[in-house]
Amino acid sequence: MEREQYLAAIKPRMPEKRYIHTIGVMETAIELAKLYGEDEKKAETAAILHDIAKYADSEWMEQIVRDEKLDARLIGWGSELLHGPVGAYIVASEFDITDEDTLNAIRFHTTGRVGMSRLEKIIFVADMIEPNRKFDGVERLRKKAMKNLDKAMSACVRHTLAFLIDTKQPIYPLSIECYNDTMKREESEG
């Protein structure tokens with residue numbers, strides 16, 4: 001499938017504001033893919049489809065987690081975390097996308113994980129810094145993203161965890177593992 005077909009497939013599944021966000025993630029992901037030598041088509045596809053399950057019913061998504069034997073820790077975390085792994089499942093089953101890197105970029109775009117690929121980092125960062133995002137610190141993150149993908153990823157993970165802590169929200173274990181991994185990588189790079 002091509003860009004327009006994927007866009008047409010996701011548009012009815014989300015509010016207009018989320019669709020505009022998705023376009024911003026797509027454009028940012030393509031820009032980052034060019035900058036860091038990643039496959040632009042894969043970045044485009046993962047970006048367009050990353051929020052395909054964002055507005056799906058939480059109970060239905062939890063049933064998918066059970067039926068497909070996805071990470072059982074996802075149960076009870078709500079759509080904010082369910083939509084990544086369930087989105088990857090939808091993309092694989094509905095669009096016959098089998099590229100594991102593309103699926104992982106969708107699967108882990110909200111939590112991150114240990115050992116993320118360049119494509120996964122691009123989608124994670126693009127989701128956070130796309131032009132429609134407005135929050136304190138976003139400009140700093142955008143500048144980092146244009147200079148060093150790994151440092152941008154690390155800064156985005158820290159920003160996310162700080163937000164969750166400040167708003168007294170629980171932190172999913174994969175996000176903590178991702179944070180620890182990015183810190184160890186930064187430490188080893190000096």
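Values below: all heavy atoms of this structure, side chains included; hydrogens, waters and symmetry mates excluded.
You'll find the side chain of E40 reaches within 4.5 Å of the side chain of K34, heavy atoms only. Two residues are said to be in side-chain contact when any heavy atoms from C-beta on lie closer than 4.5 Å; N148 and M153 fail this criterion. Contact of the M14 side chain with the H21 side chain is not registered, since no non-hydrogen atoms from C-beta on lie closer than 4.5 Å. Under the 4.5 Å side-chain criterion, counting only non-hydrogen atoms from C-beta, E177 is not in contact with D181. A heavy-atom distance below 4.5 Å is found between the side chains of Y55 and R18. Contact annotation: the side chain of M116 approaches that of C178 to within less than 4.5 Å [non-hydrogen atoms, C-beta and beyond].
Scanning all heavy atoms of the two residues, the minimum distance from I129 to C156 falls at CG2-SG, 4.4 Å. When all heavy atoms are compared, the tightest approach of T28 to E130 is OG1-CA, 3.5 Å. When every heavy atom of A47 is checked against every heavy atom of A29, the shortest pair comes out as CB-CB, 3.8 Å. For K144 against Y36, the heavy-atom pair with the smallest separation is O-OH, 4.3 Å. Here the closest non-hydrogen pair linking A105 and A46 is CB-CB, 4.0 Å. Pairing each heavy atom of I106 with each of V91, the nearest pair is CD1-CG2, 3.9 Å.
For the pair E62 and R66, the salt-bridge criterion is met [side-chain N within less than 4.0 Å of a carboxylate O]. Salt-bridge formation is not detected for the pair E120/R107: no Lys NZ or Arg NE/NH1/NH2 atom is positioned less than 4.0 Å from an Asp or Glu carboxylate oxygen. A salt bridge links D71 and R73; the closest N-O separation between the charged side-chain nitrogens and carboxylate oxygens is under 4.0 Å. By the 4.0 Å N-to-carboxylate-O rule, R142 lies close enough to E139 to be salt-bridged with it. In summary, R3 and E44 engage in a salt bridge, as defined by a charged side-chain N under 4.0 Å from a carboxylate O. Ion pair R158/E186 flagged as a salt bridge, since at least one NZ, NE, NH1 or NH2 atom sits closer than 4.0 Å to an Asp/Glu carboxylate oxygen. Looking at E38 and K121, no side-chain N of the basic residue comes within less than 4.0 Å of a carboxylate O on the acidic one, giving no salt bridge.
Around atom CD of Q169, more than 12 heavy atoms belonging to other residues, nucleotides or ligands sit under 6.0 Å away.
Summarising the geometry, atom CD belonging to E59 is positioned 12.0 Å from atom OG belonging to S79; distances are rounded to the nearest 0.5 Å.
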Worked verdict on L161 versus S175 for side-chain contact (heavy atoms from CB on, under 4.5 Å): CA-CA 8 Å; L161 293 186; S175 298; 4.1 Å; yes
R13/D51 under side-chain contact (heavy atoms from CB on, under 4.5 Å): CA gap, chis, key distance, verdict: CA-CA 9 Å; R13 300 180 196 224; D51 274 348; over 6 Å; no
L49 and I97: CA distance, side-chain angles, deciding distance, side-chain contact (heavy atoms from CB on, under 4.5 Å) verdict: CA-CA 11 Å; L49 298 173; I97 292 175; 3.7 Å; yes
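Cluster membership check: L7 does not share its hydrophobic cluster with I20, using side-chain heavy-atom separations under 4.5 Å among Ile, Leu, Val, Met, Phe, Trp and Tyr. Tracing side-chain contacts under 4.5 Å through hydrophobic residues (I, L, V, M, F, W, Y), one reaches L103 starting from L74; they form part of the same cluster. Residues L70 and V114 do not share a hydrophobic cluster, clusters being chains of Ile/Leu/Val/Met/Phe/Trp/Tyr side chains in contact below 4.5 Å. Note on M183: it clusters hydrophobically with I171, by side-chain heavy-atom contacts below 4.5 Å among ILVMFWY residues. Hydrophobic clustering, with ILVMFWY side chains joined whenever heavy atoms are under 4.5 angstrom apart, keeps V25 apart from L32.
Applying the salt bridge (charged side-chain N to carboxylate O under 4.0 Å, His left out) rule to K42 yields the partners D99, D101; only residues at least two apart in sequence or on another chain are considered. For T98, the side-chain hydrogen bond (donor to acceptor under 3.5 Å, both in side chains) test picks out no residue, with sequence neighbours left out.
Formation of a donor-acceptor pair under 3.5 Å by the Y179 side chain with backbone atoms of L174 is not found in this model.
Among D127, N132, I10, the single residue meeting the side chain to side chain contact (heavy atoms under 4.5 Å, CB included) criterion with T22 is I10.
Residue pairs meeting the ring pair (Phe, Tyr, Trp, His ring centres under 6.0 Å) criterion with at least one member in residues 75-101, sequence neighbours excluded, are Y6-F95, W77-Y172, H83-H109.
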